[in-house]
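Single-structure report; data block below.
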Amino acid sequence: MSSQAIFVKHKASELKQEYDPVIQESLNIYNSGGTIGNNSNKKKKIEIFLKKVVANFTFNNHLEMSKLYFEVFQCLKIFHTTSSNNKDSLITNLCYQYIQQITTPQLISQDLIQQVLKFIINDLYYNNNQYFSTLALETLCYIKKIPEYTFEALKYIDHNIESESNSSIDLIKKKTCIEAIPNLLIDKFSNKEQQQKKKIIDKYIKLLWDLFTNSDSSSIRASCLKSLQYLYVNFEPWNSNLQLSFDESKKIIKTLGNLNEWDKSCIINLLTLSVVPKTHEESYAIIDMILPQLQASNTSTVLQTIKFILYLSNYVEALSYSITNRISNSIIALLHKPNELKFLVLRNVILLLLSREHNNSSSTENKPRENFLNIDISYFFVEFDDPIYIKDTKLELLYLMADEKNISIILDELKEYAIDIDTQMSRKAIRAIGNLAVKLDSGNGKKEAIAVLLDLLDFCSVEYIVQEIISVFKNIFRKYPNEGTKSIISKLVTNYIDVMEESESKSAMIWILTEYSNHLPQYLTLFDEYFVKIFLQQTFEVQCSILTSAVKFFVRDSNKQSEEVCVKVLKMATEQNGNPDIRDKSFMYWRLLSGLSTNQIPVEIVKEIIDGKLPLITLNNKLDPLILEELELNIGSAASIYLKPVQQVFRQNKTRYLPQSPALLPNKTDLVIIHDEKRPSLLAALGTGGINSSSRTGSLRSMDSGIPSIRDRSGSRVGSDFSFETEFDDDPLNNFSRNNSFSGTGGGSTSPKKNISDYDKPVENVNQIKRKNSLVKKPSMLARKLTLKKKF
Amino acid sequence: MSTCNVITILDQLTLKPLIIKNFTPMVNLPSDEDDLIDDFKKLYRSSITNNRNSSTLSLLPIIQSEQYKYIHYVHISRSHLIFLAIVVVNNSEKLININSCITYLDLFHNLLCKYFNLKNNIDRDIITDNFNLIYELFDESMDFGIPQLTDYNIIQEYIKVKANLESEETQEQDKSDYEEENENENENEAHTTTSDKHGESEITARKKNHTKKKSHKNMIQNTLHIIKHPSTLISSVDIKDKVMRGFEEDESYMNSFVARTITSSINWRPKGIYYAKNEFFLDVVEKVEYCQDLNTGEIRENFIVGTIFCKSYLSGMPVLTVGLMDNKLMNTTYLLNRFQFHQCVQLDELQDSNTIKFTPPDGEFELANYKLRRRPQLDPPVIQITEYNVVTKPKKWVRVFVKFRTFFKKQTSTSVLRLKIPVKRILKEYEIDLKTAPKFKTDWGTILFNISDDFVLWDVGSIKGSYGDKEYETVCQFKLFDKDEYLKEQELLKNSMDPPPLRTGPKLEKLYENLHREDGSVESLESPTAIVDDNNNNNNNNSSHLISVQFEIPYYTCSGLKIEYLKIQEDSLKYQSFPWIRYKTINDKEYYFQI
């Protein structure tokens with residue numbers, strides 16, 4: 001049979017014409033009680049007819065195909081499995097596919113719909129074949145637009161769940177029924193039917209709990225849990241997670257081994273937040289029980305397990321080294337999966353690192369602490385055939401994992417990437433080296449990073465590399481002003497001043513030139529030649545930089561040459577320039593300077609305004625602890641990929657937070673990881689076992705002070721858990737964008753803060769976006785658009 | 001609760017949907033699936049155009065639609081197809097469980113591969129030809145958007161629609177015959193090397209069994225064939241005596257097995273399996289991944305990727321226990337912690353006993369896999385190239401010396417060992433006179449010169465293991481073009497009356513010229529002299545700097561993993577059973593030395 005011919009767009013009338021005779025003949029045979037042979041021509045033809053119809057759905061040809069409803073229904077009748085003579089599972093299946101897709105009150109007559117419904121119900125109750133009875137149920141659930149169908153489905157579910165039979169076929173039917181419940185209920189009610197709604201939901205919740213407690217089959221119990229969770233989360237008055245007691249959850253975890261891999265993953269996912277350990281011992285017990293699941297082959301199960309353990313680790317005082325080691329091992333094993341899964345794992349590793357890795361600077365107080373993750377850095381080295389998203393993520397990981405010990409290895413590796421053929425990659429690598437230099441402010445880290453950058457400059461003179469390096473150097477100098485030694489500066493400026501093409505690197509070059517003009521004898525000539533002369537052709541950012549620098553030079557050392565340059569720039573900026581922002585800015589400077597000449601403003605103040613000391617930049621790669629907590633509870637969900645607060649991506653979702661419990665650890669960093677294998681002795685040594693009742697807010701505040709939301713939370717933390725949801729709705733967003741505020745004006749200042757939310761943007765854009773002050777942004781953008789229009 | 005709403009498979013080139021399956025009825029879906037697919041196309045295309053210069057796709061596996069903020073696309077690309085899941089976030093679905101979503105897509109792809117008996121090569125035609133089968137697979141593997149079942153071993157028990165492969169049945173038959181032959185060959189190889197272990201008689205017994213097993217496999221896939229060809233039916237029923245096969249025609253009966261399976265505690269194995277001869281095959285295959293820069297001596301990669309494959313032909317509900325041998329080389333607990341196990345393994349019993357306990361699914365499955373990092377100083381690679389040297393004598397010749405040492409157990413030996421030495425650079429850099437055939441010299445194996453792809457293949461064959469005490473060497477000599485001599489010859493020819501001397505043998509220089517005419521781009525003509533399993537076709541540029549090594553060492557595991565015992569217990573049937581264990585170490589795709 002030629003299958004290609006099936007996969008073609010058809011008209012209903014064509015098909016009708018071609019196949020109607022065959023269907024009629026078959027119908028006659030059927031009505032007279034005859035048999036259509038297995039290999040008969042008629043049957044084959046009908047098969048092809050149905051295949052053609054179903055294949056047409058792929059072409060979005062639903063409307064056309066809906067005209068064949070009656071014919072398809074006839075086929076279903078003739079070859080249905082309940083009719084003993086001519087049953088054919090393939091044809092039945094195709095018919096059901098069709099009915100699922102097409103049955104809507106708008107397209108099909110009421111009469112036909114009723115007939116089909118009768119047919120399906122017959123299948124539902126009397127078909128011995130489990131496959132078709134579940135298919136019938138699915139079809140009923142699927143066609144939600146017709147209330148009769150939903151009604152019948154619920155009726156059947158009631159009937160089925162209440163039946164006591166425990167034969168295997170009934171069990172699987174039951175399982176399907178249980179999982180269908182939330183699907184049927186979710187869109188069923190309009191707003192008017194509140195009263196009725198509550199009654200029905202109550203009824204099903206009770207039903208499911210009964211089934212859960214009475215059933216012996218663990219897979220039925222799992223399905224019950226899934227549906228219950230769904231109902232609890234989505235309906236009033238609960239709107240919260242299912243709560244499970246310690247004993248119940250223990251029982252569930254014990255039977256995990258009997259579950260299908262997917263059920264397992266679902267249940268472990270559900271256990272997070274549903275189980276709230278009351279004491280440390282409870283959480284240890286659960287961790288021990290869940291630990292073996294780390295070695296399952298299903299990635300989803302493993303990630304859910306990691307999430308669960310991480311969640312539980314908030315309720316213990318110390319974790320044994322062997323546990324963290326096993327988590328690390330399973331992560332390493334997951335890194336062997338196909339790219340997409342690898343990406344997922346890597347993103348979640350970032351989360352783990354952010355939330356659990358101890359701050360290097362803070363760990364100086366006492367003995368060195370063990371890291372939560374224990375993975376060799378080389379697992380995150382970029383491979384040439386990685387897709388870009390993995391490369392990016394790995395770079396980010398390398399950056400996060402860098403410390404004084406492994407910096408040289410990482411820098412070596414980054415240096416390799418910097419000379420990669422892929423320009424994007426090499427830019428990112430250089431950016432990362434620069435950020436590392438800023439991050440590791442003590443010890444050798446920054447020295448080595450600077451050395452590597454200089455090496456790279458010597459090694460290759462490709463333009464984009466040089467430009468990127470210059471931009472990066474500016475950040476380094478802003479952090480360590482003393483690193484700008486004469487040799488480095490003169491090398492950077494004299495050799496590469498003519499290479500600069502992009503606005504960012506140009507601005508950076510101007511900034512370096514201005515800041516370290518004392519190292520350069522000819523700075524004004526250079527400035528004049530390379531920047532002032534072409535002032536008008538420059539982009540907005542560069543013009544700003546030139547303007548600021550020109551004024552700075554003049555204020556710093558007012559002589560004839562500098563005055564000349566300054567006046568030239570100011571004139572160009574005010575008279576020939578079309579950009580109002582630039583014009584305003586230069587008028588402001590002019591005003592200042594003229595005030596200086598008339599002695600209205602003291603020189604010191606002008607100097608302070610124009611050439612003030614810039615604050616040292618710091619790198620902020622920390623997410624808000626609350627956001628982190630939330631992300632941590634959402635490992636394996638899309639939020640963990642976007643690394644954004646959940647509301648930002650999923651507006652309707654509620655914030656998740658750790659449920660309160662006496663065993664809750666007040667501060668995440670208090671978690672100790674110990675090599676000792678025997679935990680009880682450790683607990684004794686720590687003198688705990690008891691419960692830390694202090695509110696966790698105090699320590700949070702000390703970690704990251706000045707965040708309003710945390711204080712808000714500290715108030716409500718003590719009270720009921722629900723009260724601060726309202727306050728929460730917009731807070732995380734504010735917190736998150738707080739990193740974006742920055743200081744400094746125009747040209748010189750760039751925030752090198754590598755915000756974690758920017759991972760998906762090319763690195764070189766990150767700074768630009770942040771540099772724009774919200775005030776400056778809009779008119780300038782407008783102006784640029786206008787100038788563009790002029791050109792055309 | 002549900003993982004995804006719509007799943008479709010798209011053609012990567014045209015981005016046209018090949019199949020669309022809507023799992024959850026979407027009452028409040030803003031628009032048609034097709035609009036969404038168009039929306040995805042837009043995103044996908046724009047990511048390509050934005051990154052034209054970089055070779056790899058930059059699109060994240062999960063993206064948020066720009067047009068419809070509450071819609072997210074999760075996609076994976078496999079074998080030129082995009083498996084796309086459309087997830088709608090609404091009142092009831094507030095968070096995407098992307099984790100299960102991607103895992104499901106990945107496993108579904110694996111399921112398709114297994115169904116069509118192809119490794120990663122499903123293409124758009126196969127999808128369109130088998131859309132009804134795929135619809136059924138979708139139906140079975142997901143209910144209301146919740147993944148249910150992706151295990152081939154179970155699903156194949158009750159979705160028995162014949163895969164409609166593009167070729168006629170005969171061809172398919174041929175293919176499987178060919179595979180069978182191949183398998184037999186491999187098996188035979190294994191026998192010769194392991195013959196000292198198992199008795200001679202056992203081997204013949206096993207061979208018979210092997211054919212049995214094979215036909216059993218065919219049968220599962222071609223149940224419909226059997227109905228069509230009564231002759232095969234008889235013979236295969238003869239061979240195979242699974243009781244349940246008798247009920248083949250009666251679907252409802254068949255399904256009752258499956259039904260029981262899914263809800264029972266051991267859901268991967270149906271009850272009532274019966275084999276006359278109960279056998280269990282366990283293969284430990286370790287692939288060594290190794291990359292070294294010979295100039296600097298830097299080792300870039302040194303890994304072992306191990307897999308334990310099993311084939312189970314056991315009756316009833318057996319419980320198997322695999323004990324690992326604890327030796328100096330490898331601490332068992334260390335190893336076990338790094339394993340990822342098939343769902344049949346009882347994970348909670350691993351920790352205490354260092355044994356793997358499980359009830360196997362029927363047929364083939366992968367029991368465990370692991371990836372181990374090797375210590376660069378302490379663990380030398382299995383085959384270590386110690387020297388690569390190019391020596392020239394101006395105007396005379398250029399010689400390439402390659403030496404290697406072996407590092408594996410003395411009692412074992414390689415069954416395959418091939419070194420692929422690239423000479424592209426030499427041919428380019430030096431003026432090689434190919435009129436005189438290059439000379440090769442070695443004490444071990446044979447040497448083949450592939451002129452189309454510019455490499456020398458040193459087929460060493462079988463050598464014994466050692467701990468680096470013996471060095472194996474080869475020399476390739478190419479004659480250099482000598483202008484003076486050439487002119488002299490020309491002069492001589494011009495002046496003499498004799499015809500130019502007759503040359504025998506192939507005219508290599510002409511061949512070379514033909515093959516390399518379009519500046520450097522090598523035609524993909526496979527030279528008949530050398531058959532090399534070239535895995536890195538796509539990084540042809542790099543391969544001229546890499547000596548790649550292909551080897552296979554039966555009965556040896558690089559990691560030192562050894563199975564101490566394999567116990568098969570079936571309490572109700574109490575049959576005699578035959579466990580077979582094999583080990584093999586082979587090279588991974590990446591096993592090369594940069595020169």
Side-chain angles (χ1 to χ4, degrees), chain A residues 3 7 51 55 58 60 89 93-94 97 128-131 142 144 168-169 171-172 175-176 179-180 182-183 186-187 217 219 226 230 234 257-258 260-262 265 292-293 295-300 303 326 329 333 336 338 340-341 343-344 387-389 422 424 634 636-638 641 650 652-653, chain B residues 1 17-20 24-25 27 32 34 53-54 56-58 60-62 72 76 89 91-92 94-100 102-103 106 128-129 131-132 135-136 143-144 146-149 161 164 251-252 255-256 259-260 262-263 265 267 337-343 346-348 350 370-371:
Chain A
S3 314
F7 212 68
K51 277 186 176 175
T58 316
N60 196 19
S89 57
N93 199 329
L94 286 167
Q97 293 284 356
N128 292 328
N129 188 329
Q130 156 265 327
Y131 180 76
Y142 199 90
K144 278 193 182 173
S168 54
I169 295 180
L171 275 182
I172 194 150
K175 193 171 154 71
T176 322
E179 290 183 4
N183 254 297
I186 196 71
D187 296 312
S217 157
S219 103
K226 277 192 257 179
Y230 192 83
N234 281 307
N258 297 339
N260 173 324
E261 49 181 343
W262 287 108
S265 138
Q293 300 302 334
Q295 287 182 294
S297 67
N298 188 316
T299 317
S300 160
L303 273 180
R326 285 186 69 179
N329 281 340
H336 209 56
E340 289 86 358
L341 287 169
F343 172 69
L344 188 68
I388 290 173
Y389 53 82
D422 185 356
Q424 291 294 322
N634 286 319
S637 82
I641 293 275
F650 309 100
Q652 307 197 13
N653 194 53
Chain B
M1 183 161 79
L18 302 173
I19 192 164
I20 303 174
T24 49
V27 176
D32 233 301
D34 295 83
N53 46 353
S54 46
T56 40
L57 190 65
S58 67
L60 293 180
I62 168 166
H72 298 252
I76 65 170
V89 182
N91 294 332
S92 51
K94 291 165 179 167
L95 263 184
I96 304 171
N97 193 345
I98 187 188
N99 167 7
S100 342
I102 296 188
T103 315
D106 183 49
T128 53
D129 286 358
F131 67 92
N132 56 316
Y135 272 130
E136 277 188 48
D143 276 354
F144 311 111
I146 309 163
Q148 299 287 338
L149 188 63
V161 180
N164 182 5
E251 261 162 23
S252 56
N255 287 333
S256 71
R260 196 178 300 151
I262 291 170
T263 46
S265 65
N267 52 47
N337 275 337
R338 272 154 186 78
F339 274 33
Q340 294 284 303
F341 288 108
H342 187 271
Q343 60 163 331
Q346 295 172 20
L347 293 169
D348 32 350
L350 279 173
Y370 51 93
K371 187 172 186 180

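Note that the structure is a prediction, hence the values are computed from the model and not measured. Every chain is numbered from 1, with letters handed out A, B, ... down the list of sequences.
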Quiz item: Where is the tightest heavy-atom contact between A:Ser297 and B:His342, given as atom of each residue plus distance?
Solution: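 It is OG-CA, 3.9 Å.
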Exercise. Give the minimum heavy-atom separation between B:Leu149 and A:Trp262, together with the two atoms involved.
Key: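 That would be N-CD1, 3.8 Å.
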Straight-line distance of [X] [atom1] to [Y] [atom2], nearest 0.5 Å:
X: A:Leu94; Y: B:Phe131; atom1: CG; atom2: CZ; value: 6.5 Å
X: A:Glu340; Y: B:Asp106; atom1: CD; atom2: CG; value: 7.5 Å
X: B:Asn99; Y: A:Thr299; atom1: CG; atom2: OG1; value: 7.5 Å
X: A:Phe343; Y: B:Leu60; atom1: CZ; atom2: CG; value: 4.5 Å

Quiz prompt | Proximity breakdown for B:Tyr135 and chain A, heavy-atom pairs closer than 4.5 Å | solution =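 Both backbone and side chain of B:Tyr135 come within 4.5 Å of chain A.
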Practice problem: Identify which part of B:Ile62 has an atom lying under 4.5 Å from any heavy atom of chain A, answering side chain, backbone, both or neither. | Solution: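 Both parts, backbone and side chain.
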Quiz prompt | Side-chain (A:Gln295) to main-chain (B:Phe339) donor-acceptor, under 3.5 angstrom | solution =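 Present.
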Exercise. Compare all side-chain heavy atoms of B:Gln148 with those of A:Glu179 and state whether any distance is below 4.5 angstrom.
Key: yes
Self-check item: A:Asn298 vs B:Gln343, side-chain contact (heavy atoms from CB on, under 4.5 Å): CA-CA, chis, key distance, verdict
Solution: CA-CA 8 Å; A:Asn298 188 316; B:Gln343 60 163 331; over 6 Å; no
Quiz item: Which region of A:Leu344, side chain (C-beta onward) or backbone (N, CA, C, O), has a non-hydrogen atom less than 4.5 Å from a non-hydrogen atom of chain B, or is it both or neither?
Solution: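 When you check distances to chain B, only side chain atoms of A:Leu344 fall under 4.5 Å.
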Quiz item: For A:Gln97, is it the side chain, the backbone, both, or neither that has a heavy atom closer than 4.5 Å to a heavy atom of chain B?
Solution: side chain
